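Here's the structure, in structure tokens; my notes come after.
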Amino acid sequence: MSSVKFVKRESIELLKDLLAEDLRGVFKQGEKIAIKLHMGEPENKHFISPKFVKLVVDILREIGCKCYLFDSPV
């Protein structure tokens with residue numbers, strides 16, 4: 001069962017620890033991971049921050065995954 005965790009914006013290290021724990025349970029060393037992004041539109045406030053994407057990529061690299069980013073225009 002999935003769970004929801006709330007982390008204050010200032011607690012980036014706590015977020016990293018929680019994400020690392022969850023991602024280690026899903027992905028294994030050597031796996032290839034595609035991360036789909038949407039570049040958004042001008043003045044769009046509802047997109048994934050590049051800082052968050054970097055956090056996820058850093059964790060996946062620590063696990064030993066080979067990840068790449070791609071965009072799919074809509």
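Quick note: residue numbers are just sequence positions, from 1. Remember, predicted model here, so these are calculated numbers, not experimental data. Below, all heavy atoms of this structure are taken into account, side chains as well, without hydrogens, waters or symmetry copies.
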Can you name the closest pair of heavy atoms from [X] and [Y] and give their distance?
| X | Y | answer |
| --- | --- | --- |
| Ile63 | Phe27 | CG2-O, 3.8 Å |
| Leu37 | Asp71 | O-OD1, 2.8 Å |
| Phe52 | Leu19 | CE1-CD1, 3.8 Å |
| Ala20 | Ile59 | CA-CG2, 3.6 Å |

Margin query: Any heavy-atom pair between the side chains of Val26 and Asp22 that's under 4.5 Å?
Written below: no
Next item on the list: Among Val57, Val56, Asp58, find the one that has a side chain to side chain contact (heavy atoms under 4.5 Å, CB included) with Lys54.
Entry: Asp58
Next item on the list: Count the heavy atoms belonging to other residues, nucleotides or ligands that lie under 6.0 Å from OH of Tyr68, then report whether that count exceeds 12.
Entry: no
Next item on the list: With sequence neighbours left out, write down each residue that passes salt bridge (Lys or Arg N to Asp or Glu O under 4.0 Å) with Asp17, or none if nothing qualifies.
Entry: none
Notebook entry, point to check: Who pairs with Lys66 by salt bridge (Lys or Arg N to Asp or Glu O under 4.0 Å), at least two apart in sequence or on another chain?
Noted result: none
Cut-off 3.5 Å, no hydrogens considered: what does the side-chain donor-acceptor table look like for residues 28-35, sequence neighbours left out?
| from | atom 1 | to | atom 2 | distance (Å) |
| --- | --- | --- | --- | --- |
| Glu31 | OE2 | Lys28 | N | 2.4 |

Check: Can you name the residues that form a side chain to side chain contact (heavy atoms under 4.5 Å, CB included) with Glu62, not counting sequence neighbours?
Finding: Lys16, Arg24
